[in-house]
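Written out below as structure tokens is the structure these notes cover.
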Amino acid sequence: MPPIVVSTWRFGLAANQPAWKILKQGGSALDAVIQGVEVAERDPAVKSVGYGGYPNAEGEVEVDAAVVDGRSLGYGAVAGLKNIATPTAVARRVMEKTDHVFLVGEGALQFARTQGFQACEMLTEDGRKAWEAWKNGQTDAPADVHDTIGMIALDQRGNLAAACTTSGAAFKLPGRVGDSPLIGSGLYADNDAGAAAATGRGEEIARTCGSYAIVEHMRQGKSPQAACEAVVQHLVARVPKAQPHQMAYIALDKRGNWGAVATRSGFLAAVTSNAENHLCESRYFIDRGGVV
Ligand code: ASP
């Protein structure tokens, strides 16, 4: 099977590179997506993922992340996790080392520590300045800043995997969790059908279980592109107040065909395979009428 990795946004292209290396060498899709998203998690310039993400309303960075293994429908997630720069790797340990699928807050942090993860300060100088400006009323919370990285991959053995990792909405209420760590909303993968991941306003994305729906559309025979279009169309029709927000999906079928659709212009999918290594601006919807 020719491998392929697809991820969200401009920084996805750099994150795809270690993932692609793993896939090219015959490694697993699961290893690829976890190693891949770690690039964005460790990059302080990425303000909505991992280290350097914008903090919550109290000035603390809280991150959410999840993985889905399409071989077994294995799932692991963490949310409201503080002081750990690589939450997706912790989510994998939840999947592999515990009898559970989802750990939150203090329990997730304690678990990460027992697994050998180093605690660190996640708030950078830039993050602190942005938070202070917001707190002092000098700036509004950025309403539509979307930098979650979702990554989906197909390996040479035909296995699919998905990862999603975010620091969530800037200056959110402490404890707020969006779609990203939720299986079926932020991500999904099933070797028998395909994989999908989401980015954008989690409060809206979480309503329609879109990643699961995309995979089910592919199972019924739709292309990844048609599956994404059907789900975005359903979302804006069923939840009209979601319409002004940017929300986007990427999808991959079990043969390595990919698709991407967003509600607004400007969404970029990063695609790396033997044939491609580039950013693609996705088709988008600006009204309920259909794809523009
Ligand atoms: N979906 C993420 C969340 O709601 C945010 C984003 O992708 O920008 O937490």
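Keep in mind that the numbers below use all heavy atoms, side chains included, and drop hydrogens, waters and symmetry copies. Indexing begins at 1, ligand by ligand and atom by atom, following the structure's order.
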Among Gly200, Gly178, Ser167, whose heavy atom sits nearest atom 1 (N) of ligand 1?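 The nearest heavy atom belongs to Gly200.
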
What atoms in ligand 1 come closer than 4.0 Å to a heavy atom of [X]?
{"X": "Gly168", "result": "9 (O)"}
{"X": "Thr199", "result": "6 (C), 7 (O)"}
{"X": "Asp179", "result": "1 (N), 2 (C), 3 (C), 4 (O)"}

Around atom CD of Gln138, are there more than 12 heavy atoms of other residues, nucleotides or ligands at under 6.0 Å?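 Yes, CD of Gln138 has more than 12 neighbouring heavy atoms, counting only those of other groups under 6.0 Å.
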
Quick check on the 6.0 Å ring-centre criterion: do Phe171 and Tyr54 meet it?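 Ring centroids of Phe171 and Tyr54 are less than 6.0 Å from each other.
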
Gap separating the NZ atom of Lys97 from the CZ atom of Phe111, nearest 0.5 angstrom: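 Going from NZ on Lys97 over to CZ on Phe111, the span is 8.5 Å.
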
The criterion is side chain to side chain donor-acceptor pair (under 3.5 Å); which residues satisfy it with Gln35, sequence neighbours excluded?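 Partners of Gln35 by the side chain to side chain donor-acceptor pair (under 3.5 Å) criterion come out as none, since no residue qualifies.
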
Could you pull out all residues at least two apart from Arg157 that satisfy side chain to side chain donor-acceptor pair (under 3.5 Å)?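 Arg157: no side chain to side chain donor-acceptor pair (under 3.5 Å) contacts found.
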
Part of Arg176 within contact of ligand 1 (heavy atoms, under 4.0 Å):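 Contact part for Arg176 vs ligand 1: side chain (C-beta onward).
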
